[in-house]
Amino acid sequence: MMTILKPIAFDVIHCMSQLFDYYLYAVYTFFGRNDAYESTGLGLSSSRLRTTLNRIQESLIDVEVGSENVGSLAPGEERKEKVPSPHLSHMVVLTESNTLYGLSQRVVATESLVFLAEQFEFLQNHLDSVMPAAKKPFLQQFYSQTVSTASELRKPIYWIVAAKAIDYEQLLLLMTNVKWDVKEIMSQHNVYVDALLKEFELFNKKLSDLSRHVRIPLPVSNILWEHCIRLANRTLVEGYANVKKCSNEGRALMQLDFQQFLMKLEKLTDIRPIPDKEFVETYIKAYYLTENDMERWIKEHREYSTKQLTNLVNVCLGSHINKKARQKLLAAIDDLDRPKR
């Protein structure tokens, strides 16, 4: 149409870009919006993606349709370009654990969007050649702001599946039952490791069952595995930070547990290196630091929460440093926390 009807070439691309914008907005609204995970501050949606979504909402979505407040409607001209917010069909259920929380539908939606974005990339030179010079900045903006952000939707959308696919709360609960102030070196790992691995095996089975019906592309399965492993490793550190009493042998037991987890996990997935592996190992090894090293370590490792750092000082060093030294380290942690507030 653009080639045949050159005078309206811009209108064609403008409408196409609106369709793409609307589709991107719909996919995010249905499958990626989750305030509970946004508030974790994990940066699941990049600021660029949030800006794009806000821009689409302001320019394209008629938020007032369906609201009771009819009196305050914008003037007709301004609303002409706007369309009602999309609604997901009731046939789509996103709460079933058997379907991995609607993973098939999420994949179809997200990957079709990524595919469309790729088609737009192929067309870019052609579209540019038929655009009037004055309108070229519009095209460039469409590519830089919308087309290039499509693949960024994968992260928040698949994160929601990963956050529910493994029972991380149960893992924390099992870890609280472990006795960490043991007196001798253990040769047998703890039960919570087997429980966690069982969860991963179940996840792996569900993933392969689903892929018989809807092909799960490799980038998607990699993102899912990466999210799940990252969440599991962060839960392990949180579990270790809940420990009230711990001996040197107890720390060795943590290392034994983690090594067992890694060994079995690597048989389930091809992802290398294992995401956040160092996050756990560094935390366990910090137990063996002396007081002076610990102060420097605290300043260098801002990735741990205040609670996790405080636990290291109180539980780990508590046994072999005096009260004054402990206060000094706790003050160093407090200083780190200030800029964040």
* For side chain to side chain contact (heavy atoms under 4.5 Å, CB included), just list the numbers for Leu207 and Trp225, CA-CA rounded to whole Å, side-chain angles, deciding distance to a tenth of an Å, and then say yes or no. => CA-CA 10 Å; Leu207 206 54; Trp225 273 99; 3.7 Å; yes
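- Here the closest heavy-atom approach between residue Met2 and residue Ala9 is recorded as CE-O, 3.6 Å.
- Across all non-hydrogen atoms, the minimal contact from Ala165 to Leu100 is CB-CD2, 3.9 Å.
- Within 6.0 Å of atom CG in Leu5, more than 12 heavy atoms from other residues, nucleotides or ligands are found, so the atom counts as buried in its surroundings.
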* Asked: How far apart are the C-alpha atoms of Val93 and Thr99, what are their side-chain angles, what is the distance that settles it, and do they pass the side chain to side chain contact (heavy atoms under 4.5 Å, CB included) test?
  -> CA-CA 9 Å; Val93 180; Thr99 63; over 6 Å; no
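- Here OG1 of Thr51 is found 11.0 Å from CD1 of Ile56. Values are rounded to the nearest 0.5 Å.
- Under the 4.0 Å criterion applied to side-chain N and carboxylate O atoms, Asp194 and Lys264 are not assigned as salt-bridge partners.
- Note that CG of Asp334 and CD1 of Ile298 are 11.5 Å apart. Values are rounded to the nearest 0.5 Å.
- Side-chain heavy atoms closer than 4.5 Å link hydrophobic residues (I, L, V, M, F, W, Y) into clusters, and following such links, even through other members, never connects Val114 to Ile160.
- Screening Glu238, Arg234, His301, Glu303 for a side chain to side chain donor-acceptor pair (under 3.5 Å) with Gln308, the sole residue that qualifies is Glu238.
- Met131 CE: more than 12 foreign heavy atoms inside a 6.0 Å radius.
- The side-chain heavy atoms of Leu330 and Asn314, taken from C-beta on, include a pair separated by under 4.5 Å.
- Counting only heavy atoms from C-beta outward, the side chains of Leu113 and Phe20 approach each other to under 4.5 Å.
- Within a 6.0 Å radius of NZ in Lys307, other residues, nucleotides and ligands contribute more than 12 heavy atoms.
- Annotation: side chain of Arg106 is in contact with side chain of Leu94 (closest heavy-atom distance under 4.5 Å).
- Side-chain heavy atoms closer than 4.5 Å link hydrophobic residues (I, L, V, M, F, W, Y) into clusters, and following such links, even through other members, never connects Phe31 to Phe115.
- Annotation: side chain of Tyr158 is in contact with side chain of Leu103 (closest heavy-atom distance under 4.5 Å).
- Within a 6.0 Å sphere centred on CD of Glu169, heavy atoms belonging to other residues, nucleotides or ligands number 12 at most.
- When every heavy atom of Leu210 is checked against every heavy atom of Ser104, the shortest pair comes out as CD2-OG, 3.6 Å.
- Under a 3.5 Å cut-off, the side chain of Thr269 and the backbone N or O of Glu266 do not form any donor-acceptor pair.
- Leu236 contributes atom CG, which lies 11.5 Å from atom CD of Glu281 (distance to the nearest 0.5 angstrom).
- The closest side-chain heavy-atom distance from Asp276 to Val280 is not below 4.5 Å.
- The backbone N or O of Arg154 sits nowhere less than 3.5 Å from a side-chain atom of Thr110 that would complete a donor-acceptor pair.
- Shown here is Lys135, whose NZ atom has no more than 12 heavy atoms of other residues, nucleotides or ligands within 6.0 Å.
- A side chain to side chain contact (heavy atoms under 4.5 Å, CB included) with Leu312 is found for one member of Tyr304, Trp297, Tyr240 and no other, namely Trp297.
- Scanning for salt bridge (Lys or Arg N to Asp or Glu O under 4.0 Å) contacts around Lys205 gives Asp209, with sequence neighbours left out.
- When every heavy atom of Ile185 is checked against every heavy atom of Glu249, the shortest pair comes out as N-CG, 3.8 Å.
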* To do: Evaluate the side chain to side chain contact (heavy atoms under 4.5 Å, CB included) criterion for residues Tyr23 and Leu116: first the C-alpha distance (whole Å), next the side-chain angles of each, then the deciding distance (0.1 Å), finally the verdict.
  => CA-CA 10 Å; Tyr23 191 48; Leu116 279 175; 3.7 Å; yes
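- Remark: side-chain polar atoms of Arg251 are not paired, donor with acceptor, to backbone N or O of Tyr288 under 3.5 angstrom.
- A distance-only check finds no donor-acceptor pair linking the side chain of Lys285 to the backbone of Tyr283 [under 3.5 Å].
- Note that CD of Glu201 and CG of Leu268 are 5.5 Å apart. Values are rounded to the nearest 0.5 Å.
- When side chains are defined from C-beta on, Thr235 counts as touching Leu172, because their heavy atoms get closer than 4.5 Å.
- Around CE of Met1, the count of heavy atoms belonging to other residues, nucleotides or ligands within 6.0 Å does not exceed 12.
- Residue Leu196 forms a side chain to side chain contact (heavy atoms under 4.5 Å, CB included) with just one option from Val191, Ile166, Asp167, and that option is Ile166.
- Inter-residue side-chain proximity for Leu53 and Leu24 is flagged as met; some heavy-atom pair is nearer than 4.5 Å.
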* Asked: Are Met175 and Asn242 close enough, and set up right, to give a side chain to side chain contact (heavy atoms under 4.5 Å, CB included), and what steps lead you there?
  -> CA-CA 9 Å; Met175 289 177 83; Asn242 286 334; over 6 Å; no
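- Within a 6.0 Å radius of NZ in Lys206, other residues, nucleotides and ligands contribute more than 12 heavy atoms.
- One hydrophobic cluster, built from ILVMFWY side chains closer than 4.5 Å, holds both Phe10 and Met16.
- Using a 4.5 Å cut-off between side-chain heavy atoms of Ile, Leu, Val, Met, Phe, Trp and Tyr, with links allowed through other members, Leu139 and Tyr22 fall into the same hydrophobic cluster.
- Interatomic distance, OH of Tyr143 versus CG of Asp128, reported as 9.0 Å (0.5 Å rounding).
- Closest approach of Val27 and Ala109 over heavy atoms only: CG2-O, 4.0 Å.
- In terms of heavy-atom proximity, Asp21 sits nearest to Arg55 at OD2-NH1, 3.7 Å.
- Side-chain atoms of Asp257 and Tyr192 form a donor-acceptor pair, as typed in the model, at a separation below 3.5 Å.
- Looking only at distances, no side-chain donor or acceptor of Lys164 sits under 3.5 Å from a matching main-chain atom of Glu96.
- Checked against side chain to side chain donor-acceptor pair (under 3.5 Å), Gln18 has the following partners two or more places apart in sequence or in another chain: Glu81.
- Contact of the Trp180 side chain with the Asn190 side chain is registered, since non-hydrogen atoms from C-beta on lie closer than 4.5 Å.
- Atom-to-atom distance recorded for Phe261:CZ and Ile274:CD1 is 7.5 Å, nearest 0.5 angstrom.
- In this structure, Val83 is a member of the same hydrophobic cluster as Val12, with clusters built from ILVMFWY side-chain heavy atoms closer than 4.5 Å.
- Within 6.0 Å of CG in Asn54 there are more than 12 heavy atoms belonging to other residues, nucleotides or ligands.
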